[in-house]
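No hydrogens, no waters, no symmetry mates; every other heavy atom, side chains included, goes into these values.
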Amino acid sequence: MKSVILSSVLPVAVAVAAPFGLVEKAFGAEPDKQFFQSVEGKWVGPGEIVAGKYKGTKFTCSFNGATPDGKTGMTLDGGCRVGMFTQKMSASVERKGRDGYKGNFMGGTAGSGLDIIGGNVVDAHKVVFTINRKQLRGVMQARIPDDNSMTVTVAVRVDEQLVPVIGMSLKRVDAVEVGSITPN
């Protein structure tokens, strides 16, 4: 069951936690920072494996998002549950100068996880990431359409096509919403 959990949520967590790829341009940093700041807080929600060996497996995840002081990037810590089994998940990504964004999930390929090797922040509401582990090549798209929801889709390359494998829908469960104003 542990391998089901790991194979189910490993790409999702990487995807949620791993923005990378653009060399900073004059205006390039602002959407990046806006996106990363919008990920700060607590997120929970269901996901499902939509293709492959474990198709139909449902799971629930909970993540705490944070941004590093003085750096562009983010860290997500938490876990995902399938049935009564829970797997701890952590991921981090930071801008590494001209090399763009780099990061890892669950220790990267040196451990039992994935490396974040490329991608970009499309705008303040959407990122696309490139993930890698041995022969596995894929992408993850995270979209934050409003302050309180995030959708994540993970796809892997099969031959020359990207095939969606995992879908996830997270909701913010913070006591204070992003951008909210405290009443007088």
Side-chain angles (χ1 to χ4, degrees), residues 8-22 24-50 58-82 86-96 100-106 114 116 118-131 138-155 164-184:
S8 299
V9 296
L10 181 66
V12 173
V14 172
V16 172
F20 41 62
L22 288 177
E24 191 169 47
K25 297 176 184 170
F27 298 101
E30 193 58 33
D32 295 28
K33 288 179 182 180
Q34 287 176 350
F35 179 83
F36 294 131
Q37 288 173 345
S38 70
V39 173
E40 290 179 345
K42 185 166 176 75
W43 297 88
V44 299
E48 182 176 357
I49 300 174
V50 295
K58 296 179 187 304
F59 53 91
T60 302
C61 295
S62 176
F63 298 107
N64 289 310
T67 54
D69 290 336
K71 297 178 184 176
T72 303
M74 66 183 206
T75 298
L76 287 173
D77 282 315
C80 295
R81 182 175 49 87
V82 174
T86 299
Q87 175 71 46
K88 182 171 174 18
M89 300 290 163
S90 65
S92 63
V93 64
E94 287 183 10
R95 180 181 301 278
K96 300 291 184 181
Y101 289 101
K102 301 291 180 188
N104 68 71
F105 173 72
M106 302 276 295
L114 297 165
I116 296 136
N120 65 42
V121 177
V122 176
D123 58 36
H125 302 286
K126 181 178 176 182
V127 293
V128 178
F129 311 108
T130 304
I131 54 176
V139 298
M140 186 284 310
Q141 176 180 298
R143 194 169 67 84
I144 302 177
D146 58 57
D147 290 341
N148 297 307
S149 61
M150 180 186 327
T151 58
V152 178
T153 304
V154 177
V165 179
I166 296 174
M168 182 178 237
S169 179
L170 301 170
K171 296 290 180 192
R172 182 179 302 280
V173 293
D174 294 320
V176 177
E177 296 179 1
V178 173
S180 67
I181 299 174
T182 306
N184 290 336

For this session: Check whether any side-chain heavy atom of Ile144 sits under 4.5 Å from a side-chain heavy atom of Val39, and report yes or no.
Result: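 Of all side-chain heavy-atom pairs linking Val39 with Ile144, at least one is under 4.5 Å.
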Exercise. Does any non-hydrogen side-chain atom of Thr67 lie less than 4.5 Å from one of Thr72?
Worked result: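 No - every pair of side-chain heavy atoms lies 4.5 Å or more apart.
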Please name the pair of heavy atoms, one in [X] and one in [Y], separated by the smallest distance, quoted to 0.1 Å.
{"X": "Asp77", "Y": "Lys88", "result": "OD1-NZ, 4.3 Å"}
{"X": "Ala124", "Y": "Ser38", "result": "O-OG, 4.3 Å"}
{"X": "Pro164", "Y": "Thr153", "result": "CB-CG2, 4.5 Å"}
{"X": "Gly65", "Y": "Leu76", "result": "CA-CD2, 3.3 Å"}
{"X": "Ser62", "Y": "Val44", "result": "OG-CG1, 3.5 Å"}

Nearest-0.5 Å distance, [atom1] of residue [X] to [atom2] of residue [Y]:
{"X": "His125", "Y": "Arg143", "atom1": "NE2", "atom2": "CZ", "value": "10.0 Å"}
{"X": "Gln87", "Y": "Phe59", "atom1": "CD", "atom2": "CZ", "value": "12.5 Å"}
{"X": "Cys61", "Y": "Met89", "atom1": "SG", "atom2": "CE", "value": "6.5 Å"}
{"X": "Ile166", "Y": "Glu48", "atom1": "CD1", "atom2": "CD", "value": "10.5 Å"}
{"X": "Lys71", "Y": "Lys33", "atom1": "NZ", "atom2": "NZ", "value": "13.5 Å"}
{"X": "Phe63", "Y": "Cys80", "atom1": "CZ", "atom2": "SG", "value": "4.0 Å"}

For this session: Could I get the full list of side-chain hydrogen bond (donor to acceptor under 3.5 Å, both in side chains) partners for Lys171, not counting sequence neighbours?
Result: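 Applying side-chain hydrogen bond (donor to acceptor under 3.5 Å, both in side chains) to Lys171 gives none.
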Problem set entry | Evaluation steps, side-chain contact (heavy atoms from CB on, under 4.5 Å), between Ile131 and Val154 | CA-CA 9 Å; Ile131 54 176; Val154 177; 4.2 Å; yes
For this session: Could you tell me whether a side-chain N or O of Asp32 sits under 3.5 Å from a main-chain N or O of Phe35, the two making a donor and an acceptor?
Result: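 Side chain of Asp32 to backbone of Phe35, a donor-acceptor pair under 3.5 Å: no, none is there.
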Exercise. So, the side chain of Arg172 versus the backbone of Glu40: is there a donor-acceptor pair under 3.5 Å, distance only?
Worked result: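 It does hold such a pair.
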Problem set entry | Those residues that, when tested against Lys42, pass salt bridge (charged side-chain N to carboxylate O under 4.0 Å, His left out) (two or more places apart) |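 Residues passing salt bridge (charged side-chain N to carboxylate O under 4.0 Å, His left out) with Lys42: none at all.
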